[in-house]
Amino acid sequence: MNRLILKPGRDKSLKRHHPWVFSGAIAKIEGQPGLGDTVTVRSADGVVLAVAAYSPDSQIRARVWDWRERDIDAGFFAERVQRAAALRQSAADEGLRLIHGESDGLPGVVADRYADTVVMQLLSAGAERWRGAIADALAALPGISRVIERSDADVRNLEGLKPQSGLLRGEPAAGPLIVREHGLDFAVDAEAGHKTGFYLDQRDNRGLLRRLAGGRVVLDCFCYSGGFALNAVAGGAKSVVAIDSSGPALAAAQANAERNQLKGVEWLEADVFQTLRKFRDGGRKFDLIVLDPPKLAPTAAHAEKAARAYKDINLLNPGGRLMTYSCSGGVSPDLFQKIVAGAALDAGVDARIEYWLHASADHPVVMNFPEGEYLKGLVLRVGG
Ligand code: SAH
């Protein structure tokens with residue numbers, strides 16, 4: 001039996017059910033666990049704390065599968081996958097995150113459902129070890145025709161894993177993968193798109209944007225496949241400008257506009273920061289600005305640099321709104337609010353918070369793992 005024995009006093013976080021064991025907490029390894037093998041974790045005085053997956057190359061040396069001693073086998077993954085699926089609302093929308101890693105008791109496993117297709121990401125050695133069992137459990141869910149793998153995120157390097165992608169279960173789809181959200185159809189590029197092909201985490205927030213957009217002059221910065229921009233048009237915006245630096249993302253966005261017969265978006269393939277400077281110099285103003293940048297601040301230390309991204313509040317007309325986000329796990333909601341407040345102060349703008357935003361409910365945060373809360377947003381209203 002493979003065992004990790006912790007140093008004295010280093011069992012506190014596990015006792016609070018935080019699911020990570022850091023390398024520095026380990027006193028001794030018994031047996032010869034390999035990449036992703038199951039280990040029992042014991043305190044210095046011999047108490048069994050958890051069973052976990054061993055990640056020899058990572059600072060997070062083990063990730064907990066369960067808090068009691070038990071076998072980890074295909075049946076375990078079938079149970080966890082079914083539990084995660086049962087916890088999701090049976091929303092009318094076809095796009096849904098089915099498995100959200102630690103929050104579903106499956107560290108390193110992400111699975112997004114788009115209509116009858118599941119796109120899965122395995123991000124830890126333990127998840128990798130159980131690829132077959134996880135894919136089988138997902139394929140067995142009602143209404144699922146295929147499982148596609150997109151395990152190509154950079155974090156796999158930290159786990160000593162190579163990228164891996166492709167169809168794992170079922171037949172290739174006959175046509176493009178389309179997902180319906182708030183009554184709009186979006187094509188999901190499961191093979192080459194970002195993450196698993198679509199930003200499901202912003203679903204509720206795109207719905208809010210639609211409600212706020214009526215009659216407004218809207219700017220969607222970092223628009224990807226057009227999620228916010230097209231909701232703005234559907235919500236009756238007066239005009240919409242959408243910016244992204246990626247040609248393929250903009251092509252997808254334009255195709256999505258046509259797919260939904262939504263006209264009138266001015267799509268700009270450009271760098272957001274340069275374009276905003278141009279707008280500022282030209283005195284161009286908006287009533288509603290969405291700012292949904294990629295991870296600009298991987299850690300709190302980078303937050304100051306990232307703060308520059310949030311200063312564009314001064315492009316708003318009086319009474320206008322800024323909907324602004326950070327998806328960096330290293331920036332807490334509290335720090336994010338401080339960064340945005342600092343940016344408003346620097347811009348000389350009098351602003352108040354109307355909404356505190358998060359990922360949709362299918363991206364839950366288990367209470368003993370606050371790191372799960374990566375996406376946060378604010379809607380600011382500037383003085384009129
Ligand atoms: N709001 C989108 C998701 C945005 S993801 C949605 O709801 O689907 C972030 C996007 O920022 C990506 O499409 C990426 O191509 C784009 N991007 C990254 N850096 C950029 C830059 N400097 N200027 C413009 N776009 C950028």
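Note that ligands are numbered from 1 as they come in the structure, with each ligand's atoms numbered from 1 the same way. Quick note: residue numbers are just sequence positions, from 1.
To the nearest 0.5 Å, atom CG of residue D201 and atom SG of residue C327 are 7.5 Å apart.
Counting heavy-atom neighbours within 6.0 Å of K7 NZ, excluding the residue itself, gives a total above 12.
Ring orientation note: the planes of F198 and Y114 are nearly perpendicular, at an angle over 60° on the 30°/60° scale. The aromatic rings of H100 and Y374 are tilted relative to each other, their planes meeting at an angle between 30° and 60°.
Q202 is listed as a side-chain neighbour of L375, based on a closest heavy-atom distance under 4.5 Å.
Residues meeting the ring pair (Phe, Tyr, Trp, His ring centres under 6.0 Å) test with F369, sequence neighbours left out: H18, W20.
Listed by chain and number, H194, Y199, R206, F222, C223, Y224, F228, D244, S245, S246, A270, D271, V272, F273, D292, P294 each place a non-hydrogen atom less than 4.0 angstrom from ligand 1.
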